[in-house]
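Written out below as structure tokens is the structure these notes cover.
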Amino acid sequence: MENARARLSVVMPVYNEENTIQKIVERVLARPEVAELVIVNDASTDGSWERLQRFAAEPRVKLLQQPENRGKGAALIRGFQEATRDFVLVQDADFEYNPEDYPVVLEPLLSGKADAVYGSRFMGTPGMVRFFRHEMGNKVLTFFSNFFSDIHLSDMETCYKAFRREVIQNLKLTSERFGIEVELTAKLAKSRQLRIWEVPISYNPRRYDAGKKITWRDGVAALWHIVHFNCFCPAQESFYRPWSEVLGTPPGEEQE
């Protein structure tokens with residue numbers, strides 16, 4: 001992975017993660033692929049922001065503060081806008097996802113095979129036993145996302161999504177909360193030109209008493225977002241510039 005050095009921007013949304021934030025930042029910065037870590041604190045009410053100050057002098061870290069709590073989606077959108085490197089990857093501020101999987105997620109991008117990569121928790125990788133209803137909920141949401149978007153993913157709701165920077169910055173994203181996962185997938189699919197890959201990753205689910213935030217209400221909201229973004233959001237309103245310009249596709253070859 002030598003050619004991956006100095007090419008990755010990691011975007012990390014943070015909300016009330018004082019117990020894990022220091023160690024996960026250290027793990028991310030220990031990765032040789034990481035050239036830039038964009039941390040967006042979503043107006044945490046615990047000690048997260050104070051603990052982040054120890055990284056303020058680190059040249060690879062950008063510390064951004066939201067003036068008020070707006071949600072994971074709003075934090076990610078801001079982080080995507082601030083990213084400057086060739087590739088952009090999403091990292092949560094806990095230990096559910098392991099930065100040691102970065103080489104696996106980045107490989108299709110580095111080799112020029114993909115424009116976006118999803119790290120799937122459901123492709124047969126070993127790991128801790130998971131919550132059955134939570135996993136089935138994820139699979140149900142992925143099924144409906146696949147049905148409406150007409151792309152076949154195994155894990156739409158995964159945190160580990162990576163993109164060519166010009167691709168993620170060309171998407172018009174509006175979801176401020178957990179609907180961002182659905183919106184990203186729907187708008188990537190609407191391009192009909194972007195090459196989307198899936199790769200297996202490890203997963204270490206945390207318990208709700210350890211700070212897990214997503215609930216069944218977010219699942220219900222996700223169903224609404226699936227219908228909304230796939231059926232009522234026109235493709236031409238999903239991006240800023242024609243994909244032919246972004247991807248270098250010869251004029252006239254773009255698809256609606």
Side-chain angles (χ1 to χ4, degrees), residues 6-85 87-106 119 121 127-128 130-131 134 157-163 168 173 175-181 184 201-215 218:
R7 300 191 67 186
L8 178 64
S9 293
V10 175
V11 175
M12 181 185 293
V14 177
Y15 179 66
N16 289 354
E17 299 287 3
E18 65 177 355
N19 294 327
T20 59
I21 188 61
Q22 179 181 342
K23 289 193 177 297
I24 192 61
V25 169
E26 291 171 351
R27 287 189 187 183
V28 171
L29 293 176
R31 294 302 312 169
E33 303 86 1
V34 177
E36 178 178 69
L37 173 57
V38 182
I39 302 174
V40 184
N41 180 50
D42 193 26
S44 294
T45 57
D46 65 356
S48 297
W49 183 244
E50 289 71 25
R51 298 198 179 195
L52 284 168
Q53 297 314 301
R54 67 186 61 203
F55 301 102
E58 164 61 55
R60 289 184 294 164
V61 174
K62 288 184 180 180
L63 290 180
L64 306 174
Q65 173 83 291
Q66 298 281 71
E68 60 184 18
N69 179 256
R70 295 176 56 196
K72 179 179 180 179
L76 284 177
I77 291 169
R78 186 176 181 192
F80 293 152
Q81 294 168 345
E82 294 282 345
T84 63
R85 299 297 175 156
F87 308 114
V88 181
L89 180 146
V90 178
Q91 172 72 57
D92 280 348
D94 54 40
F95 300 130
E96 287 192 318
Y97 294 83
N98 189 348
E100 291 184 6
D101 286 331
Y102 288 178
V104 176
V105 178
L106 284 173
R121 299 165 289 178
M128 185 183 296
R130 304 163 187 177
F131 294 111
H134 187 264
E157 291 277 1
T158 180
C159 163
Y160 269 6
K161 296 178 175 73
F163 318 87
I168 190 60
L173 300 171
S175 297
E176 294 198 334
R177 299 195 178 276
F178 289 112
I180 191 70
E181 311 290 1
L184 277 168
I201 59 169
S202 57
Y203 181 58
N204 180 37
R206 66 171 168 172
R207 305 179 309 276
Y208 285 92
D209 62 359
K212 193 171 187 65
K213 299 175 179 65
I214 197 164
T215 69
D218 297 298

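Quick note: numbers below take in every heavy atom, side chains included, and nothing from hydrogens, waters or symmetry partners. Bear in mind the structure is a predicted one, so any value in this text is a computation, not a measurement.
- Residue Cys159 holds its SG atom at 7.5 Å from NZ of Lys161, rounded to the nearest 0.5 Å.
- Here the shortest heavy-atom pairing between Ala75 and Val40 reads O-CG2, 3.5 Å.
- Evaluation of the side-chain contact (heavy atoms from CB on, under 4.5 Å) rule for Gln53 yields Trp49, Ala56, Leu63 as partners, not counting sequence neighbours.
- In terms of heavy-atom proximity, Ala43 sits nearest to Tyr15 at O-CE1, 3.8 Å.
- For the ring pair (Phe, Tyr, Trp, His ring centres under 6.0 Å) test, residues two or more places apart in sequence or in another chain that qualify with Tyr97 are Tyr160, Tyr203.
- Once rounded to the nearest 0.5 Å, the distance linking OG of Ser202 with CD of Glu100 reads 8.0 Å.
- Partners of Glu82 according to the side-chain hydrogen bond (donor to acceptor under 3.5 Å, both in side chains) rule, which considers only residues two or more places apart in sequence or in another chain, do not exist here.
- Taken to the nearest 0.5 Å, the CD atom of Glu26 stands 10.5 Å off from the CD1 atom of Ile21.
- By the side-chain hydrogen bond (donor to acceptor under 3.5 Å, both in side chains) test, Gln65 is found to be paired with Asn41, residues two or more places apart in sequence or in another chain being considered.
- The two residues Ser48 and Glu17 make their nearest non-hydrogen contact at OG-N, 2.8 Å.
- In this structure, the separation between CZ on Arg121 and CG on Asn204 is 12.0 Å, given to the nearest 0.5 Å.
- More than 12 heavy atoms of other shown residues, nucleotides or ligands fall within 6.0 angstrom of atom CD in Glu50.
- With sequence neighbours excluded, no residue satisfies salt bridge (charged side-chain N to carboxylate O under 4.0 Å, His left out) with Arg51.
- Residues satisfying the side-chain hydrogen bond (donor to acceptor under 3.5 Å, both in side chains) criterion with Asp92, sequence neighbours excluded, are Lys72.
- At a threshold of 4.5 Å between non-hydrogen side-chain atoms, the residues Ile77 and Ile180 count as touching.
- Every residue two or more places apart in sequence or in another chain that forms a side-chain hydrogen bond (donor to acceptor under 3.5 Å, both in side chains) with Arg31 is listed here: Glu33.
- Using a 4.5 Å cut-off on side-chain heavy atoms (C-beta onward), Val88 and Val38 make no contact.
- Between Leu173 and Leu184, some side-chain heavy-atom pair lies under the 4.5 Å cut-off.
- Remark: Ala30 engages no residue in a side-chain contact (heavy atoms from CB on, under 4.5 Å) (not counting sequence neighbours).
- With a 4.5 Å cut-off on side-chain heavy atoms, Phe55 and Leu37 do not count as touching.
- What you find for Ala93 and Pro13 is that their closest heavy atoms are CB-O, 3.8 Å.
- Distance check, rounded to the nearest 0.5 Å: CG of Leu52 to OG of Ser44 gives 8.0 Å.
- Between the CD atom in Gln22 and the CZ atom in Arg54 there is a gap of 3.5 Å [rounded to 0.5 Å].
- A 4.5 Å side-chain heavy-atom check between Asp94 and Asn19 finds every atom pair outside the cut-off.
- Among residues two or more places apart in sequence or in another chain, the salt bridge (charged side-chain N to carboxylate O under 4.0 Å, His left out) test is passed with Glu58 by Arg60.
- Two residues are said to be in side-chain contact when any heavy atoms from C-beta on lie closer than 4.5 Å; Ile24 and Met12 meet this criterion.
- A 4.5 Å side-chain heavy-atom check between Glu157 and Phe178 finds every atom pair outside the cut-off.
- A 4.5 Å side-chain heavy-atom check between Ile201 and Thr158 finds at least one atom pair inside the cut-off.
- A salt bridge (charged side-chain N to carboxylate O under 4.0 Å, His left out) check over residues 34-47, counting only residues at least two apart or in different chains, returns the pairs Glu36-Lys62.
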